Amino acid sequence: QDEPAGRACGKVILLGEHAAVYDKHVLAVPLPEAIEARVRPADGRSRLRIPAWGVDEPVVPGRRGSSAAVATVALIMRELHVAERHYDIEVDARIPAAMGLGASAAIAVAIIRAFDLQLGFRLDNRTIDTLAFECEKLAHGTPSGIDNNLATYGEPVLYTRSTASRTKPIQLSEVPPLVVASSGKRGVTKDMVAGVAKRYASNQTLYDTIFSEIDELSVAGSVALRDADYESLGSMMNVCHGFLNAIEVSTPELEKMVHIARLNGALGAKLTGAGGGGSIVALCPGRSHDVAAALKKAGYAIIRFSDS
Ligand code: PMV
């Protein structure tokens with residue numbers, strides 16, 4: 001535990017997932033203190049440990065059956081020109097994997113920062129973000145880049161892929177009253193994005209219309225978020241969830257969770273991230289306790305919670 005920790009945020013998408021892959025706007029806020037990583041020189045071969053996820057594997061580039069996290073480490077070591085050396089990489093993961101919360105990008109950023117601290121490279125954030133994006137391509141195929149942006153900068157953003165380098169953080173006057181709960185079922189981003197791509201290809205006009213609507217919601221939602229106009233933001237989140245259901249990335253369980261949240265006073269509730277499992281986010285001014293308690297009672301894990 002003596003080595004300095006590389007840290008990274010997770011993320012919660014409030015509006016715009018999937019549309020983001022088609023160059024539309026996406027609105028997201030950080031999940032602070034999500035991942036910490038430490039790197040120390042080792043004898044023999046390199047090893048990756050993520051105790052919270054049950055990962056304890058040698059880092060052998062290209063080995064069949066390696067986890068995505070090991071592939072990420074191998075790519076980072078290659079890009080930082082330390083592939084020939086040996087390290088123990090220890091990751092403290094405080095958010096679950098495959099729950100739509102940007103864990104894979106956060107792992108990448110925290111590990112890059114841990115190598116940076118260990119080796120004294122002094123990498124700037126843009127370089128870290130770019131390398132984490134390469135890691136995301138490995139994991140997801142065609143990522144929008146929102147996850148690595150949030151993991152690196154840890155600021156609320158309205159993001160598009162084509163203007164990524166010019167993204168400016170949104171200044172919030174208060175922490176929005178959000179409840180994030182996970183279904184406990186893994187959502188595999190790569191598969192969900194591929195499913196949407198398939199349906200997009202066979203129904204392009206319809207899907208373009210839906211993505212344009214989502215784009216407008218994200219842009220308007222960023223103003224509502226900045227102004228703490230939760231009535232407006234909540235209804236935009238509800239409408240966005242309807243679109244996500246329409247493009248077939250919701251599940252009966254996510255629908256149930258969204259329903260419980262709304263029933264208990266959420267102004268807005270929707271799936272967050274790629275769907276097909278994963279998590280929901282609910283906007284609940286003055287009702288966060290009620291919403292979290294109801295979701296917990298129904299058997300779901302509360303990941304984050306903040307009240308107004
Ligand atoms: O499920 P996550 O946390 O990887 O979020 C994915 C968000 C998508 O819009 C579905 C994909 C992307 O790259 O933007």
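If you're wondering where the values come from, they're calculated on a predicted model, not measured in any experiment. Atoms within a ligand are numbered from 1 in the order they appear, just like the ligands themselves.
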**Prompt:** Can you find a heavy atom in the side chain of Pro96 that is under 4.5 Å from one in the side chain of Ile303?
**Reply:**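 A side-chain contact under 4.5 Å exists here.
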
**Prompt:** Does Glu255 reach the side chain of His241, with side-chain heavy atoms less than 4.5 Å apart?
**Reply:**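 Yes, close enough: below the 4.5 Å cut-off.
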
**Item:** Under 4.0 Å to a heavy atom of Leu101 - the qualifying atoms of ligand 1, by number
**Value:**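 Ligand 1 atoms under the 4.0 Å threshold to Leu101: 3 (O).
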
**Message:** Within the 4.0 Å heavy-atom shell around Ile146, which atoms of ligand 1 are there?
**Reply:**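 Selected atoms, number and element: 14 (O).
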
**Asked** Can you tell which of Lys137, His18, Arg161, Met192 gets a heavy atom nearest to atom 9 (O) of ligand 1?
**Response**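 Answer by nearest heavy atom: His18.
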
Is a donor on one side and an acceptor on the other found under 3.5 Å between the side chain of [X] and the backbone of [Y]?
X      : Y      : value
His86  : Gly44  : yes
His18  : Ala274 : yes
Ser306 : Pro176 : yes

**Asked** Under 4.0 Å between a Lys/Arg side-chain N and an Asp/Glu carboxylate O for Glu253 and Lys256?
**Response**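 No salt bridge links Glu253 with Lys256.
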
**Request:** Look at Arg47 together with Glu57 and state whether they make a salt bridge at an N to O cut-off of under 4.0 Å.
**Result:**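 No, this pair does not count.
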
**Request:** With heavy atoms only and a cut-off of under 4.0 Å, state how Val26 meets ligand 1: side chain, backbone, both or neither.
**Result:**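 The answer is neither.
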
**Prompt:** In terms of heavy-atom contacts, does CD of Glu33 have more than 12 from other residues, nucleotides or ligands at under 6.0 Å?
**Reply:**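 12 or below, so no.
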
Contact (N/O only, under 3.5 Å) between [X] and ligand 1:
X      : answer
Gly273 : no
Thr189 : yes
Gly16  : no

[atom]: the protein heavy-atom neighbour that sits closest, reported with distance to 0.1 Å:
atom                    : answer
atom 13 (O) of ligand 1 : Ser144 N, 2.8 Å
atom 11 (C) of ligand 1 : Val21 CG2, 3.7 Å
atom 7 (C) of ligand 1  : Ile13 CD1, 3.8 Å
atom 3 (O) of ligand 1  : Lys11 NZ, 2.4 Å

**Message:** When you measure from the heavy atoms of Glu136 to every atom of ligand 1, does any distance fall below 4.0 Å?
**Reply:**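 Distance cut 4.0 Å: Glu136 fails for ligand 1.
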
